[in-house]
Amino acid sequence: MIHPTELLAGHVLGDLEPREQAAVEAHLAQCPACRAEVARQRDALYGLAQALPAADPPPGTWERIEARRAPRAGPATPSVGRPPWWGLGLAAGVALLLAGGVASGWLFSPARPAQTDVQRWTAQGAAQRPLISRSGAAVGTLLVRPDGQALLVLGRPAPGGQVYQAWGRRASGPRAGVPVSLGLTAGATLRVTWTGYDSVGVSLEPAGGSPAPTRPLGRADVRG
């Protein structure tokens, strides 16, 4: 089995091309080792988001990031002939990116409005539930209030041309397990009503949303 080690960091960051993303997801479905590595990288990523203080990025930061994002060429799946240091180079690049974020105090830190919402909801007694992916990794947080309201908090806004869409599911009854759309946003937070549902999930969808989840990210139980 060929492991797409060099693509895992891009998978965690949501920065893969569609063909690469499909190849990685197909591999993760049958590879516990790579699922564990994705979970480790996501834990590190969202751990940073929780630990860093809110701060505005230095002027021109986003322009410099976009300038460095050159289009990738090559097959969607890793080839046998690809040198083993290729994946290590990408991993080292992600490590430097994370280190730069720690040094600057803003990378992967939720925007100030999101942090303010989280602080306010927590002060109001909202319970924090991790949004867990199918691979067992935490992809965000769900703040649940007893009044039937919940706040989805993701690590960053949705990629360009896409939105986060929330879904409610019931655990029993004639429509058990059927996802019902609760709303969508291009931002990093989304307030929804969870009353009548047993779990709330989130997926990444095309702009305008979808009638059913096409790229599920994670889900959390809201009861108990």
Side-chain angles (χ1 to χ4, degrees), residues 12-14 38-39 41-56 101 105-159 162-224:
V12 172
L13 295 172
V38 166
Q41 292 188 23
R42 278 184 170 150
D43 286 345
L45 178 65
Y46 289 102
L48 281 174
Q50 294 293 329
L52 295 177
D56 294 325
W106 63 266
L107 190 59
F108 300 126
S109 179
R112 283 180 176 173
Q115 283 198 335
T116 300
D117 287 340
V118 170
Q119 292 169 355
R120 184 175 68 251
W121 280 61
T122 301
Q124 293 171 350
Q128 294 193 25
R129 312 274 171 79
L131 290 161
I132 303 298
S133 70
R134 291 174 177 174
S135 64
V139 300
T141 301
L142 183 70
L143 299 175
V144 182
R145 293 197 320 215
D147 63 357
Q149 297 297 300
L151 184 70
L152 284 157
V153 182
L154 287 307
R156 61 176 182 172
Q162 297 176 291
V163 295
Y164 294 121
Q165 189 164 358
W167 306 90
R169 287 179 173 83
R170 297 179 176 88
S172 60
R175 293 183 58 81
V178 177
V180 178
S181 178
L182 302 180
L184 49 85
T185 182
T189 63
L190 175 62
R191 180 171 178 169
V192 299
T193 299
W194 64 265
T195 303
Y197 300 100
D198 296 286
S199 67
V200 171
V202 62
S203 64
L204 188 63
E205 306 295 338
S210 302
T214 62
R215 189 175 169 187
L217 298 179
R219 193 192 307 182
D221 292 333
V222 292
R223 298 184 184 276

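No experiment lies behind these values; they were computed from the predicted model shown.
The list of salt bridge (charged side-chain N to carboxylate O under 4.0 Å, His left out) pairs with a residue in residues 184-205, not counting sequence neighbours, reads Asp198-Arg223.
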**Study point:** Residue pair Arg219, Arg169: steps toward the side chain to side chain contact (heavy atoms under 4.5 Å, CB included) verdict
**Key:** CA-CA 10 Å; Arg219 193 192 307 182; Arg169 287 179 173 83; 3.4 Å; yes

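The OH atom of Tyr164 sits 10.5 Å away from atom CG of Leu152, with the distance rounded to the nearest 0.5 Å. For the atom pair OG1 (Thr189) and CG (Leu151), the distance works out to 5.5 Å, reported to the nearest 0.5 Å. With rounding to the nearest 0.5 Å, the separation of CG in Leu142 from CD1 in Ile132 is 11.0 Å. To the nearest 0.5 Å, atoms CG (Leu204) and OG1 (Thr214) are separated by 7.5 Å.
Just one residue in the list Val222, Asp221, Val200 forms a side chain to side chain contact (heavy atoms under 4.5 Å, CB included) with Val144, and that residue is Val222.
Residues Ala126 and Leu143 share a closest heavy-atom pair of CB-CB, 4.1 Å. Trp194 and Ala150 make their closest contact through CD1-CB, 3.8 Å (heavy atoms, listed as atom of the first residue, atom of the second, distance).
Val202 is listed as a side-chain neighbour of Leu131, based on a closest heavy-atom distance under 4.5 Å. When side chains are defined from C-beta on, Tyr197 counts as touching Arg170, because their heavy atoms get closer than 4.5 Å.
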Residues 172-185 side chain polar contacts: donor-acceptor under 3.5 Å, at least two apart:
| residue | atom | partner | partner atom | Å |
| --- | --- | --- | --- | --- |
| Ser181 | OG | Gln165 | NE2 | 2.9 |
| Thr185 | OG1 | Gly187 | N | 3.0 |

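Take Trp167 and apply the side-chain hydrogen bond (donor to acceptor under 3.5 Å, both in side chains) test, not counting sequence neighbours, and it matches Ser203. Taking the side-chain contact (heavy atoms from CB on, under 4.5 Å) definition, one finds that Asp147 meets it with Arg145, Gln149, sequence neighbours left out. Here Pro157 pairs with Ala188 under the side-chain contact (heavy atoms from CB on, under 4.5 Å) rule; sequence neighbours left out. A search for side-chain contact (heavy atoms from CB on, under 4.5 Å) contacts involving Ser133 returns Arg42, Ser135, Ala137, Val139, not counting sequence neighbours.
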